[in-house]
Every structure is written in C-alpha cells, then in structure tokens.
Amino acid sequence: MVSEGLIVMESTGSPRPQGSEVVTRFAPSPTGYLHIGGARTALFNWLYARGRGGKFLLRIEDTDRERSTPEATAAILRGLTWLGLDWDGEPISQFARRDRHAEVAYQMLARGAAYKCFSTQEEIEAYREQARAEGRSTLFQSPWRDADPASHPDAPFVIRMRAPRDGETLVQDAVQGSVTFRNDQLDDMVCLRSDGTPTYMLAVVVDDHDMGVTHVIRGDDHLNNAARQTMVYQAMGWPVPVWAHIPLIHGPDGKKLSKRHGAVGLEEYQAMGYPAAGMRNYLARLGWSHGDDEFFTDAQAKAWFDLGQIGRAPARLDFKKLESVSGQHIAATEDAALLHETEAFLAAAGRPALSPGQREGLSQALYCLKDRAKTFPELIEKAHFVLASRPIEPDPAAAKSLDLVSRGILAELTPQLQSASWDRETLEGIVAQVAEAHGMGLGKIAGPLRAALAGRTVSPSVFDMMLVLGRAETLARLGDTAGPA
RNA sequence: GGCCCGUUCGUCUAUCGGUUAGGACACCAGGUUUUCAACCUGGGAAGAGGGGUUCGACUCCCCUACGGGCUGCCA
C-alpha cells in the first residue's frame, strides 16, 4: 500500500462532469510527522468515502520547497498505513503539477479573471504599513488591477485573482452551515508567484478539481480560504465541492495542540502502544457522534459517519478515554490478529522480537490477557509469566510474598499437582484444599503461587497461568521456588 | 484593528422549542474477588453572562466575555 513514488496527475483542461461517486482527499504538507489532528482529518475523509463506496485520495502538498522533505512524506504515509487508512491510487505530488497550475493561472488571465501585478513586495509592505497607520484595511489593493496592459513594464510580476469587490461570497458548509463573506473583505490573492510557481490557494483548487474531489473535508482553519477558493472555482466555471470544515483538536488544557502537550505525532501514539482500531474509534468519536454510541467497529463507523453529525467546537484530547476505548478493542480482537499486532508493536517500538517459544506461549495466553490490557505494553507486562523462562526471578514485590512459610506451603502443594488432572476445576479444588488445611483463604496462597509462577504480583489468574504453562513447567517453577526452602 | 467560527457535567458528547438535560470516560462510595484488569450497584457533576422572541428556550435573535482561525509571492 505504501509507495514513495509520487505521480503527476494527468491534467484535464475541461471541467469534469460531477459524477455521483464521492471523492475525498487528504492533503498534508510534508513538513514533519503526521499530526494527530491531521490523522483525524484523514480518518474523516476516509470514513466518508469508504462508507459511500467512494474514493479516498492522497495528495502531498509539497509546493513549499523550503520545508518539504521526502522523509516527512514517508512518515505521513507510514502513519496513515499504521492507522489503517488505505488510499486509492498513488499519492499525488502537488509540486509536480506546477505546470498545470500555471496553465490555469494563465487561463484565468485570458478570461480576465486575473491580472498581472507588478507591485514589489516592498511596495506592498509599505502600502500595508500606511494602511495600518491610517487605520484602514490592510488588504492590498493593487494599482495594476485595472491598468492598461500597454503600460506593463518589463519586470517580474505575479498573477492575482481579480476578485469581485461588491457583493458577498457564500460558503455552504456541511459542518459550519452557511457562512457569508463580504467580498470587500477578501483581497486579490496571488495565484502565481513572480517565479512562476503556484500558490497554495490556486493549487488546491486546481488539484481538487482535476482529481474530481467532490467533498473537501479539512480543518476549519481553512474556512476563510474556502471563500476565496470558491472564487477560483467560479472564475473557471468549475463545480464547487461540498465543504466540510472541521474544528481542530486541542490539548488537554484546551489550548492549541503543540509539542508541549507531549504526543502530537501519530507515531508517538503507536509507540505508546495504542491499537490502531482503538485509535480510529477514539479519533472518530472526537468531534463526531452517532447518538450514544461510544465503542464501534470500522464497519459501523463507515455506515454511520456523516458530515452533519460533526461538532463545531474544538475537542480536547483525553488519554483516559483513549485508553478505555483501546482496551475494549484489544479485548475484542481475535487472538491471531492480536498476536500480529503485538509483534508489530514490538518492532515499531524497537523492542526485542518474540522468540518462537515466546510466540507460541503468548498465543496460548492471549485469551486470559486481552481483557486486562489497555495498551500493548500493558499486555506484554501481564504476559511476563509466559514470556519469561526459568528460573523465574521474582521482582521485589513478588519476592516479599515468598517467605519461608509460603514456600513450605508451595512445597506441600507441588506433589499434589503431580498427579492431578490438568483442568481448572481440579486445580482450583486442590489449591483450595491446601489453603483450607492451613486455615487460610485462597487469597493467602494465591500470592505466593503467583510470585512463583510469574515472578510478579500482577498477572492473570493463577489457574489460567497453570493451564497455559502446563503441568511440567508449572511443577518446575514451583520446584525452583519451593525447593531451596 | 477588520472578518469568520466556536462556548451543555472535569473531558468527549446526546438533545435539533416542551426531557427529572441522557450516555461514555474520569472521579467517589459499596459489592464481587487469587493480584491487576474486568464486572455489578449507587453517587456527585453541565447549558459562559445579559437581554430579547415565544404559552414555553440548551435549542431561535442580539449584545458582552472568553477561546480559536484568517487577514502572506506559507500550506
């Protein structure tokens, strides 16, 4: 699924008919890791398209040559892949399509929808400076907007949109509702820079149009841009897509999510051991709802997801809830799949891989492990009894329960296990008997037993451990502990 | 400064003019219990503030406060 190769899309000069198929896209800038907020945006686009039999495309907005890196692109694709968001076709490089963007800019010029502006950046800065000083709008009003082409100097120029100055532009947003902007609040944005490269504002529109994108689902920091982009669509006579501007995700303190909140990159969540399914569920639920449903499968999410149910207020990240949802997904995952995911986590986290024996043991133990773990590290910690090999070294807490008396009891228990039928009922009966003989409850004997078998004070049920370990290993571990006493 | 968006329990949210404002996570108390987890029962916990409209507002309108976004030859 992951391909590092970006292709250039074939450009179609004419408007494409709006089909009934839904086409969404995720368009990240490759300037770093995949942001958790971006991941959610991608998820929403994916859910919307996949739930409707549509297409989910990927476009890398790499027109900022200063900040774009192939490493970042790779990281983003890796993140999406881990999250389980598969995209259709090859990722498209926006930069590679610059000729097409320029072509459209000149078409706009030819149509009179744009004009050449020879103002230098210094002149513009001076204009703004003065406007600010005079308390006027700082929107730049180019003197070249209505200039006679005959007066054009032989100098570098940018191509600006000839935006309407009267009336207003309506953005019909599936999430935000109808939002109108007065046209005099919008300036003549630059479409083509003086070096001939396209600006984002032009490139998005051209690409979304050429890619046949029907629904633009993105962060609400683009809501204002939608108005200006609408003008480009109108200037070119292209159908305007359905807009859906979703609120950003904030940190637990309600402030914009940033590095100081800890985990911002999706890969950090992967490293912390959250299962991808839990991540999808949690992220989908963040800002979107389907009644009171909290835990759901991908199939349900795809069937239920809709733009109208997306909230308009920014949501905060809540790790406790993420954990809870993740735990439910781990518990609901089939053993075989869970084993694979656990191994993938180990690899991603740079931890040692499982030996064949550990692998086998873990797969036997998952049934009694998955209900008690919220993350993979927790699962692995609780699987210590099956991952460790003799002699079991008890940790300090476990060692405490292995005093002389306890060892004596274990020594007494061991021979009785020798000939026992190895099933839960029998084992429980024997252990209960021994406990009773000493006038103690099961709890008193379970502690030392747990310590001897797992070397930990936290593990699955002692009976589950005995069943998973088998008679020989159980007796051997008990012998290791009880013997020297 | 201008324009735009937002504001229901601590958090995520339900409600789309009439509910004792519901659920989930978290929290507290109790229960079950071989640890952890899970599970069961119960509990506290919300409509930013102020004006309207209406028989009736969380819901519609206005103002204020607070938060966020845009205002680039960044995306």
Side-chain angles (χ1 to χ4, degrees), chain A residues 27-29 31 61-64 66-68 94 117 119-121 124-125 128 131-132 135-140 156-160 171 173 175-177 179-182 184-187 189-195 197-201 203-204 219-225 227-228 245 247-248 250 252 254-256 282 285-295 308-309 311-325 327 331 369 371-374 378 381-382 397-398 401 428 431 435 441-447 449-451 454 456-463:
Chain A
S29 306
T31 53
E61 308 223 314
D62 51 359
T63 54
D64 184 339
E66 301 284 297
R67 299 190 297 156
S68 299
Q94 185 162 70
C117 170
S119 297
T120 65
Q121 299 199 49
I124 296 170
E125 190 41 51
R128 292 208 172 101
R132 228 186 315 272
R136 287 186 292 109
S137 164
T138 56
L139 294 180
F140 180 61
F157 60 88
V158 300
I159 293 184
R160 283 185 187 272
V171 173
D173 195 283
V175 173
Q176 308 287 342
V179 184
T180 55
F181 296 86
R182 273 169 42 199
D184 59 15
Q185 295 295 330
L186 275 13
D187 62 359
M189 64 182 179
V190 172
C191 292
L192 205 66
R193 300 189 185 97
S194 52
D195 65 358
T197 63
T199 60
Y200 161 78
M201 220 55 92
V204 232
D220 68 6
D221 48 336
H222 287 288
L223 182 56
N224 294 262
N225 295 338
R228 306 207 275 178
H245 289 93
L248 271 14
H250 284 178
K255 298 290 183 187
K256 190 176 178 181
Y282 176 72
R285 193 63 191 66
L286 204 55
W288 169 78
S289 64
H290 182 265
D292 285 338
D293 294 304
E294 300 285 349
F295 174 82
Q309 319 307 320
R312 285 160 297 281
R316 306 182 190 199
L317 236 28
D318 180 357
F319 283 86
K320 287 294 188 184
K321 186 143 185 181
L322 205 209
E323 273 180 20
S324 172
V325 172
L369 248 21
D371 283 343
R372 45 216 325 139
K374 291 174 168 156
E378 202 181 334
E381 174 56 26
K382 287 180 173 172
S401 60
E428 283 183 358
V431 174
L442 183 56
K444 288 290 182 189
I445 197 169
L449 232 192
R450 169 169 288 107
R456 294 278 198 277
T457 52
V458 174
S459 79
S461 148
V462 292
F463 302 110

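Lettering follows sequence order; numbering is per chain, from 1.
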Completion exercise
B/S/- along nucleotides 4-9 of chain B (protein heavy atoms under 4.0 Å) is SSSS--

Problem - Salt bridge flag under 4.0 Å for residues A:Glu378 and A:Arg372 - result: no

Exercise for the section: Sticking with atom C1', work out how far B:G1 lies from B:U15, rounded to a whole angstrom. Expected result: 38 Å

Practice task
Identify the nucleotide, in any strand shown, that forms a Watson-Crick or G-U wobble pair with B:C58, with both distances under 3.5 Å; if there is none, say none.
Solution key: none

Problem - Atom-to-atom span, NE2 of A:His245 to C1' of B:G69 - whole angstrom - result: 11 Å

Exercise for the section: Carefully, step by step, assess A:Asp184 and A:Arg182 under the rule salt bridge (charged side-chain N to carboxylate O under 4.0 Å, His left out). Expected result: CA-CA 5 Å; A:Asp184 59 15; A:Arg182 273 169 42 199; 3.2 Å; yes

Practice task
To the nearest Å, give me how far apart NE2 (A:His290) and C1' (B:G22) are.
Solution key: 16 Å

Practice task
Describe the nucleic acid contact of A:Gly287 in one word from base, sugar-phosphate, nothing, applying a heavy-atom distance below 4.0 Å.
Solution key: sugar-phosphate

Exercise for the section: Would you name the heavy atoms of A:Leu317 and A:Leu286 that are closest together and state the gap between them? Expected result: CD1-CD2, 3.7 Å

Handout entry: For B:G67, the Watson-Crick or wobble counterpart (both distances under 3.5 Å)
Key = B:C5

Handout entry: P spacing across the pair B:C70 / B:A29, given as an integer number of angstrom
Key = 45 Å

Exercise for the section: Could you measure between the two P atoms, the one in B:C27 and the one in B:C66, and give it in whole Å? Expected result: 34 Å

Practice task
Check whether any side-chain heavy atom of A:Val325 lies under 4.5 Å from a side-chain heavy atom of A:Arg285, and answer yes or no.
Solution key: no

Practice task
Using whole Å, report how far CD of A:Glu66 lies from P of B:C73.
Solution key: 16 Å

Problem - 5' precedence on RNA chain B between A:Gln309 and A:Cys117 (nearest-nucleotide basis) - result: A:Gln309

Fill in the blank from the handout: A:Tyr200 atom OH is separated from B:C70 atom P, nearest whole Å, by 11 Å

Completion exercise
The reported gap from CG in A:Leu186 to CG in A:Asn224 (rounded to nearest 0.5 angstrom) is 8.0 Å

Fill in the blank from the handout: A:Trp288 atom CH2 is separated from B:A14 atom C1', nearest whole Å, by 13 Å

Exercise for the section: Select from A:Arg228 and A:Arg67 the residue whose nearest nucleotide in RNA chain B is closer to the 5' end of that strand. Expected result: A:Arg228

Practice task
Taking the side chain as every heavy atom from C-beta outward, state whether A:Leu192 and A:Phe157 have any atom pair closer than 4.5 Å.
Solution key: no

Practice task
Report the base-pairing partner of B:U19 (Watson-Crick or G-U wobble, both distances below 3.5 angstrom), or none.
Solution key: none

Exercise for the section: Report yes if the side chains of A:Phe140 and A:Met189 come closer than 4.5 Å at any heavy-atom pair, otherwise no. Expected result: no

Exercise for the section: Starting at the 5' end of nucleotides 24-39 of chain B, put B wherever the base has a protein heavy atom under 4.0 Å, S where only the sugar-phosphate does, and a dash everywhere else. Expected result: BSS-------BBBSS-

Exercise for the section: Classify the nucleic acid contact of A:Ser119 as base, sugar-phosphate or nothing, counting any heavy atom under 4.0 Å across all strands shown. Expected result: base

Practice task
Measure from CG on A:Asp221 to C1' on B:C3 and round the result to the nearest Å.
Solution key: 16 Å

Exercise for the section: Please determine if a side-chain N or O atom of A:Arg136 lies less than 4.0 Å away from the OP1 or OP2 oxygen of B:G1. Expected result: no

Problem - Interatomic distance at C1', B:C25 relative to B:U20, whole Å - result: 24 Å

Problem - Complementary nucleotide for B:U35 - Watson-Crick or wobble, under 3.5 Å - result: none

Practice task
Using only side-chain N and O atoms of A:Thr63, determine if any of them is under 4.0 Å from OP1 or OP2 of B:A75.
Solution key: yes

Handout entry: Whole-Å gap separating C1' (B:C73) and CZ (A:Phe140)
Key = 11 Å

Practice task
For B:A45 and B:G10, measure between their P atoms and round to the nearest Å.
Solution key: 10 Å

Practice task
Scan A:Arg182 against the nucleic acid and name what it touches under 4.0 Å (heavy atoms): base, sugar-phosphate only, or nothing.
Solution key: nothing

Problem - Integer angstrom distance from the P of B:U11 to that of B:U71 - result: 30 Å

Practice task
Might you work through the salt bridge (charged side-chain N to carboxylate O under 4.0 Å, His left out) test for A:Asp187 and A:Arg228, ending with a clear yes or no?
Solution key: CA-CA 9 Å; A:Asp187 62 359; A:Arg228 306 207 275 178; 2.5 Å; yes

Practice task
Can you tell me the pairing partner of B:G42 across any strand shown, Watson-Crick or G-U wobble, with both distances under 3.5 angstrom?
Solution key: B:C28

Completion exercise
The reported gap from CD in A:Gln121 to OG in A:Ser194 (rounded to nearest 0.5 angstrom) is 6.5 Å

Practice task
Name the nucleic acid region contacted by A:Asn225, choosing base, sugar-phosphate or nothing; use a 4.0 angstrom heavy-atom cut-off, strictly under.
Solution key: base

Exercise for the section: Drop me the distance from A:Leu449's CG to A:Ser461's OG, to the nearest 0.5 angstrom. Expected result: 10.0 Å

Practice task
Using whole Å, report how far CG of A:Leu139 lies from P of B:C73.
Solution key: 11 Å

Practice task
Kindly say whether, by distance alone, the side chain of A:Thr199 makes a donor-acceptor pair under 3.5 Å with the base of B:C73?
Solution key: no

Problem - Euclidean distance for P, B:G49 against B:U7 (whole angstrom) - result: 14 Å

Exercise for the section: May I ask you to say what A:His222 touches in the nucleic acid, namely base, sugar-phosphate or nothing, with a heavy-atom cut-off under 4.0 Å? Expected result: base

Fill in the blank from the handout: Closest to the side chain of A:Arg316, out of B:C12, B:G72, B:C73, is B:C12

Exercise for the section: Could you tell me whether the side chains of A:Ser459 and A:Arg450 share a donor-acceptor contact shorter than 3.5 Å? Expected result: yes

Practice task
Go through the steps for A:Arg193 and A:Thr199 under the test side-chain contact (heavy atoms from CB on, under 4.5 Å), then give the verdict.
Solution key: CA-CA 7 Å; A:Arg193 300 189 185 97; A:Thr199 60; 3.9 Å; yes

